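Heads up: the structure comes next, in structure tokens.
Please read all numbers here as calculations on a predicted model, not as lab measurements. Ligands are counted one by one from 1 in listed order, and the atoms in each one are counted from 1 as well.
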Amino acid sequence: MMQEHYLDDIISSINHAEDINEVEKNQVLRNLAKLKQTKVNILVTGATGCGKSSTINAMFNFEKAKVGQGVDPETMTIQKFEMNNVVVFDSPGLGDGIDADKRHANNIIDKLYEQDHNGEMLIDLVLVILDGSSRDLGTSFDLINRVIIPNLGGDHSRLLVAINQADMAMKGRHWEYAKNQPDSTLMEFLDEKVLSTSRRIKEATGVDVTPIYYSAGYKEADESQQPYNLSKLLAFILRHTKPEKRAVIVQDVNKETDFGHNDGEGDYGKEIHDSLLDSLIRSVGQVGEKAVEKVVTVASKALDAGWKVLKTVGSSIARIFGF
Ligand SMILES: Nc1nc2c(ncn2[C@@H]2O[C@H](COP(=O)(O)OP(=O)(O)O)[C@@H](O)[C@H]2O)c(=O)[nH]1
Ligand SMILES: [Mg+2]
């Protein structure tokens, strides 16, 4: 079941606006209708157990996704989850044995070269997830350095590396469970992990990447932990997506998830909010101020009412000051 689309609110209000002329109205409506059809294709990969499913689940409205799988046994390992606008491909990374690794690598490479019906690269973004609790990330670096980077076609901005399970990075020690955040020792450790990850990719490939760390959290029968830095991950996903496509991502962002815990290094809620509005304004095209103003006003209202992720501002500031 697909959800009602936030762009429908904007479309309807533009439709009923009496202070916008017909020519502009039609242009805006045409462009919004086109935007509503836009797909953002994300390939999520990483070793089994790194937290791909947990991340997709926490970030997106994944339960409502149409689940598809290739019929061809060669591609069966890549699972496809199609939501309103976001399409996630979940692929195992390396580390499952020589034969499986070969198959996974080939599937990933094929996906990286796949084109959409406009002849553009299908995959907008490759999210490689590393298990932050693992000491041996050798196969993950093989995945990044030998499989992904050489097959990105030179556009390295499509690559995003994220270190998950930040809470378990020092065996669960130094995680402040009550506040759901790392203490200063763990934070230093994680910062160092980010630097060494970046260095290992740079040395092997010459490519600069800025990894981030986060925790997808978990939900089990009698225990659960909220995510950490998931809003930072979303902000990074937006940064790595073409500006004209960003506006639709929010439609499929999980409204139930608590995006409030983060490192406070940036105002991620505001960044996401601004990035979405900027993307919307780009998509409506060259029209008068009145039309743009209407789009922004209605969009802000719809977004603020629907998505907690856009309001992580207060909570992160509260955390810094400890109240
Ligand atoms: N403590 C902790 N556990 C996590 C986190 N992310 C995932 N997990 C757990 O790690 C295990 C593997 O996660 P899953 O999402 O299935 O990994 P996948 O194989 O990459 O899809 C599950 O038991 C998750 O609950 C996290 O950030 N922190
Ligand atoms: Mg999984």
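Nearest heavy-atom pair, Y228 versus N180, reported as atom, atom and distance to 0.1 Å: CD1-O, 3.4 Å. P227 and D258 get closest at one heavy-atom pair: CD-O, 3.7 Å.
Side-chain contact annotation: N107 with T77, donor-acceptor N/O pair under 3.5 Å present. A donor atom on one side chain and an acceptor atom on the other are found under 3.5 Å apart for Y268 and D263.
Atom 17 (O) of ligand 1 has G51 N, 3.1 Å as its closest protein atom, hydrogens excluded (heavy atom only). Scanning the protein heavy atoms around atom 23 (O) of ligand 1, the nearest turns out to be E220 OE2, 4.4 Å. Here the heavy atom of the protein found nearest to atom 8 (N) of ligand 1 is Q165 NE2, 3.7 Å. For atom 16 (O) of ligand 1, the closest non-hydrogen atom of the protein is S53 CB, 4.2 Å. Counting protein heavy atoms only, atom 6 (N) of ligand 1 is closest to N164 ND2, 3.1 Å.
Here the NZ atom belonging to K202 is positioned 3.5 Å from the CG atom belonging to D208, to the nearest 0.5 angstrom. Annotation: the span from I212 atom CD1 to N229 atom CG amounts to 6.0 Å, rounded to 0.5 Å. Rounded to the nearest 0.5 angstrom, D142 CG and N145 CG are separated by 7.5 Å.
Within a 4.0 Å radius of atom 26 (C) of ligand 1, the protein contributes at least one heavy atom.
For a threshold of 3.5 Å applied to N or O pairs, the pair formed by D90 and ligand 1 contains no separation below that value. In terms of polar-atom proximity, D167 is counted as a contact of ligand 1, with an N or O under 3.5 Å from an N or O of the ligand. Residue G49 has at least one N or O atom closer than 3.5 Å to an N or O atom of ligand 1. For a threshold of 3.5 Å applied to N or O pairs, the pair formed by A166 and ligand 1 contains no separation below that value. In terms of N/O distances under 3.5 Å, ligand 1 is not approached by Y218.
If you number the atoms of ligand 1 from 1 as listed, the ones under 4.0 Å from a heavy atom of S215 come out as 26 (C), 27 (O), 28 (N). Contact atoms of ligand 1 toward K52: 15 (O), 17 (O), 18 (P), 19 (O), 20 (O), 21 (O) (distance under 4.0 Å to a heavy atom of the residue).
With sequence neighbours excluded, the residues satisfying side-chain hydrogen bond (donor to acceptor under 3.5 Å, both in side chains) with Y113 are N151. With sequence neighbours excluded, no residue satisfies side-chain hydrogen bond (donor to acceptor under 3.5 Å, both in side chains) with D101.
Residue pairs satisfying the salt bridge (charged side-chain N to carboxylate O under 4.0 Å, His left out) criterion with at least one member in residues 130-140, sequence neighbours excluded, are absent.
Between E265 and K232, at least one side-chain N (NZ, or NE/NH1/NH2) sits under 4.0 Å from a carboxylate O, which counts as a salt bridge.
The side-chain tip of K193 does not point at the ring of Y213 from less than 6.0 angstrom away and within 45° of straight on.
The Mg ion (ligand 2) has S53 OG as its protein N, O or S neighbours under 2.8 Å.
Y214 pairs with exactly one of N262, I129, D167, L190 by the side-chain contact (heavy atoms from CB on, under 4.5 Å) rule, that one being I129. Checking each of K39, K245, R158 against D124 for a side-chain contact (heavy atoms from CB on, under 4.5 Å) leaves exactly one that passes, namely K245.
Distances shorter than 4.0 angstrom occur between a heavy atom of C50 and an atom of ligand 1.
Neither the backbone nor the side chain of T55 has any atom closer than 4.0 Å to an atom of ligand 1 (non-hydrogen atoms only).
The residue among S54, G132, G217, G46 with a heavy atom at the shortest distance from atom 14 (P) of ligand 1 is S54.
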